[in-house]
Trainee: 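Structure incoming, see below.
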Amino acid sequence: MKQHTTNYFNTLIEPAEDCPVSQAQIPPEKKEKTLANLQYEMIVQYPYRFSSDDIVFGCFALKNDITETEKETARTQFFSKGQPCLRSSPLAKRYGFGIHHNAEGKVALFPLESKDYQQLLKDDSVHKVRAMRSKRK
């Protein structure tokens with residue numbers, strides 16, 4: 001069974017062109033955790049610890065109550081089909097975060113107004129891609 005991936009390497013996902021904020025915002029808490037909340041907590045608590053695949057599947061597993069014993073099989077099945085990468089994350093589309101993938105493919109968040117984000121933007125060795133737009137042109 002072919003396995004797909006959402007991982008990038010040495011890449012910065014910039015906020016979407018139509019991102020409505022000029023400063024990053026923490027996703028608001030709601031009764032039930034949103035995808036933005038789950039992704040934010042995973043990445044902020046453990047910068048450069050998880051790959052995009054780990055985050056995308058980890059959030060899917062939490063939302064769908066997948067047990068530890070089911071995770072390996074569920075992950076193989078999950079990635080047997082293409083999955084949306086972090087370019088579709090609300091963190092980059094709506095909340096103003098840049099998502100940096102280091103050389104090992106591990107992920108960290110950077111508010112678009114931060115000095116670290118600006119340095120990544122200027123670094124020619126880091127590939128840049130935009131998050132997906134929320135609305136069609």
Side-chain angles (χ1 to χ4, degrees):
M1 186 178 338
K2 183 176 193 287
Q3 290 293 288
H4 297 267
T5 186
T6 65
N7 292 336
Y8 284 91
F9 298 90
N10 202 28
T11 300
L12 175 65
I13 298 174
E14 299 176 53
E17 287 177 54
D18 62 349
C19 180
V21 298
S22 58
Q23 288 193 313
Q25 298 175 344
I26 296 172
E29 291 287 330
K30 301 202 171 150
K31 277 185 188 176
E32 194 173 313
K33 289 202 183 264
T34 64
L35 179 61
N37 295 127
L38 294 172
Q39 289 177 345
Y40 179 82
E41 288 172 4
M42 272 185 90
I43 300 170
V44 168
Q45 287 178 6
Y46 303 102
Y48 295 121
R49 180 173 179 186
F50 298 114
S51 69
S52 176
D53 283 354
D54 296 335
I55 294 160
V56 170
F57 178 74
C59 292
F60 171 81
L62 283 169
K63 285 269 197 191
N64 291 282
D65 297 320
I66 295 173
T67 65
E68 283 300 317
T69 55
E70 300 170 317
K71 276 190 178 174
E72 189 175 330
T73 304
R75 185 175 172 124
T76 300
Q77 186 175 355
F78 183 76
F79 285 113
S80 68
K81 296 181 281 205
Q83 298 295 330
C85 68
L86 291 178
R87 287 185 59 219
S88 67
S89 169
L91 297 174
K93 288 175 67 171
R94 160 72 185 89
Y95 293 106
F97 286 96
I99 304 171
H100 181 244
H101 302 251
N102 68 11
E104 290 104 42
K106 306 297 182 177
V107 177
L109 286 180
F110 293 94
L112 71 93
E113 71 277 6
S114 71
K115 287 182 182 175
D116 290 333
Y117 176 79
Q118 296 303 321
Q119 286 178 325
L120 286 168
L121 269 182
K122 293 176 188 170
D123 187 343
D124 291 334
S125 69
V126 176
H127 181 68
K128 282 93 176 166
V129 294
R130 282 264 185 201
M132 294 176 180
R133 297 174 52 86
S134 294
K135 298 176 182 102
R136 288 184 175 195
K137 278 189 171 182

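Nothing fancy with the numbering, it's 1 onward along the sequence. It should be emphasised that the depicted structure is a prediction, and the values quoted were computed from it without experimental measurement.
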Trainee: Is a side-chain N or O of Ser51 found less than 3.5 angstrom from the main chain of Asn7, in a donor-acceptor match?
Mentor: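 Side chain of Ser51 to backbone of Asn7, a donor-acceptor pair under 3.5 Å: no, none is there.
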
Trainee: I'd like to check the side chain to side chain donor-acceptor pair (under 3.5 Å) partners of Asn37; sequence neighbours left out, ordered by chain and number.
Mentor: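 Expected list: Thr34.
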
Trainee: What verdict does the side chain to side chain contact (heavy atoms under 4.5 Å, CB included) test give for Ile99 and Leu12, after you've listed the backbone C-alpha separation in whole Å, the side-chain angles of each residue and the deciding distance to 0.1 Å?
Mentor: CA-CA 6 Å; Ile99 304 171; Leu12 175 65; 5.9 Å; no

Trainee: Treat each ILVMFWY residue as a node, draw an edge where side-chain heavy atoms are under 4.5 Å apart, and state whether Tyr117 and Val44 are in one component.
Mentor: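 No.
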
Trainee: After noting the C-alpha distance and the side-chain angles of Asp54 and Arg75, does the key distance pass the salt bridge (charged side-chain N to carboxylate O under 4.0 Å, His left out) rule?
Mentor: CA-CA 9 Å; Asp54 296 335; Arg75 185 175 172 124; 3.2 Å; yes

Trainee: For Ser134, is there any backbone N or O sitting under 3.5 Å from a side-chain donor or acceptor partner on Asp18?
Mentor: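 Present.
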
Trainee: According to salt bridge (charged side-chain N to carboxylate O under 4.0 Å, His left out), does anything in residues 77-98 pair up with another residue at least two apart or in another chain? List the pairs.
Mentor: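 Qualifying pairs: none.
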
Trainee: Applying ring-ring contact (aromatic ring centres under 6.0 Å, His included), which residue pairs with at least one partner in residues 19-49 are found, sequence neighbours left out?
Mentor: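 The answer is Tyr40-Phe97, Tyr46-Phe50, Tyr48-His100.
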
Trainee: Carefully, step by step, assess Asn10 and His127 under the rule side chain to side chain contact (heavy atoms under 4.5 Å, CB included).
Mentor: CA-CA 6 Å; Asn10 202 28; His127 181 68; over 6 Å; no

Trainee: Under the rule for salt bridge (charged side-chain N to carboxylate O under 4.0 Å, His left out), what residues qualify as partners of Asp53, not counting sequence neighbours?
Mentor: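 Once residues adjacent in sequence are excluded, Asp53 has no partner under the salt bridge (charged side-chain N to carboxylate O under 4.0 Å, His left out) criterion.
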
Trainee: State, yes or no, whether a side-chain contact exists between Phe57 and Thr6 at a heavy-atom distance under 4.5 Å.
Mentor: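 Heavy-atom side-chain distance check fails, nothing below 4.5 Å.
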
Trainee: Hey, does the side chain of Gln39 reach the backbone of Ile55 with a donor-acceptor pair shorter than 3.5 angstrom?
Mentor: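 Not a single qualifying donor-acceptor pair exists.
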
Trainee: If you measure from CG on Leu62 to CG on Leu38, what distance do you get to the nearest 0.5 Å?
Mentor: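 Spacing of CG (Leu62) from CG (Leu38) equals 5.5 Å.
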
Trainee: Is there a path from Val126 to Leu112 through hydrophobic residues (I, L, V, M, F, W, Y) whose side chains come within less than 4.5 Å of each other?
Mentor: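 The answer is yes; both residues are in one hydrophobic cluster.
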
Trainee: Indicate if Val107 and Phe60 have the same hydrophobic cluster label, given that clusters are the connected sets of ILVMFWY residues with side-chain heavy-atom separations under 4.5 angstrom.
Mentor: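 Yes, because Val107 and Phe60 connect within a single hydrophobic cluster, where side-chain heavy atoms sit under 4.5 Å apart.
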
Trainee: Are Val129 and Leu86 connected into the same hydrophobic cluster when the rule is that any two of I, L, V, M, F, W, Y join if their side-chain heavy atoms are below 4.5 Å apart?
Mentor: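 Yes, because Leu86 and Val129 connect within a single hydrophobic cluster, where side-chain heavy atoms sit under 4.5 Å apart.
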
Trainee: Apart from Phe9 itself, which Ile, Leu, Val, Met, Phe, Trp or Tyr residues share its cluster (side-chain heavy atoms under 4.5 Å, direct or through members)?
Mentor: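 Members alongside Phe9: none; it stands by itself.
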
Trainee: Grab the two heavy atoms, one from Ala92 and one from Glu14, that are nearest each other, plus how far apart they are.
Mentor: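 That would be CB-O, 4.4 Å.
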
Trainee: Mark yes or no for whether Gln23, through its side chain, and Glu113, through its backbone, hold a donor-acceptor pair below 3.5 Å.
Mentor: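 No; zero donor-acceptor contacts below 3.5 Å.
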
Trainee: Distance from His4 atom NE2 to Phe79 atom CZ, nearest 0.5 Å?
Mentor: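 So the gap between those two atoms works out to 10.5 Å.
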
Trainee: With sequence neighbours left out, what residues match Cys19 under side-chain contact (heavy atoms from CB on, under 4.5 Å)?
Mentor: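 Listed in chain order: Pro15, Val21.
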
Trainee: If a pair satisfies salt bridge (charged side-chain N to carboxylate O under 4.0 Å, His left out) and one of its residues is in residues 115-128, list it, with sequence neighbours excluded.
Mentor: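 Salt bridge (charged side-chain N to carboxylate O under 4.0 Å, His left out) check on residues 115-128 returns no pairs.
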
Trainee: Which residues satisfy the side chain to side chain donor-acceptor pair (under 3.5 Å) test with Thr69, sequence neighbours excluded?
Mentor: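 With neighbours one apart ignored, the set is Thr67.
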
Trainee: Which pair of non-hydrogen atoms, one from Leu35 and one from Pro90, has the smallest distance, and what is that distance?
Mentor: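 For Leu35 and Pro90, the tightest heavy-atom pair comes out as CD2-CD, 4.3 Å.
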
Trainee: How close do Val56 and Pro84 get, counting heavy atoms only, and between which atoms?
Mentor: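 Of all heavy-atom pairs spanning Val56 and Pro84, the closest is CG2-O, 4.0 Å.
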
Trainee: Which pairs pass salt bridge (charged side-chain N to carboxylate O under 4.0 Å, His left out) with one or both residues in residues 21-38, sequence neighbours excluded?
Mentor: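 Every pair satisfying salt bridge (charged side-chain N to carboxylate O under 4.0 Å, His left out) with a residue in residues 21-38: Glu29-Lys33, Lys33-Glu41.
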
Trainee: Checking Tyr8 now: which residues fulfil ring pair (Phe, Tyr, Trp, His ring centres under 6.0 Å) with it, not counting sequence neighbours?
Mentor: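 By the ring pair (Phe, Tyr, Trp, His ring centres under 6.0 Å) rule, Tyr8 matches His101.
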
Trainee: Do you know which two heavy atoms are closest between Ser88 and Met132, and how far apart they sit?
Mentor: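 In terms of heavy atoms, the two residues are closest at CB-SD, 4.0 Å.
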
Trainee: Which pairs pass ring-ring contact (aromatic ring centres under 6.0 Å, His included) with one or both residues in residues 17-37, sequence neighbours excluded?
Mentor: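 As it turns out, there is no ring-ring contact (aromatic ring centres under 6.0 Å, His included) pair with a partner in residues 17-37 once direct neighbours are skipped.
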
Trainee: Any salt bridge (charged side-chain N to carboxylate O under 4.0 Å, His left out) pairs touching residues 60-73, not counting sequence neighbours?
Mentor: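 Those involving residues 60-73 are Glu68-Lys71.
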
Trainee: Counting only heavy atoms not in Ile26, do more than 12 fall under 6.0 Å of its CD1?
Mentor: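 Not buried by this count: 12 neighbours or fewer within 6.0 Å.
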
Trainee: Are Phe110 and Leu91 connected in a single hydrophobic cluster, I mean Ile/Leu/Val/Met/Phe/Trp/Tyr linked by side-chain heavy atoms less than 4.5 Å apart?
Mentor: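 In one cluster: no.
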
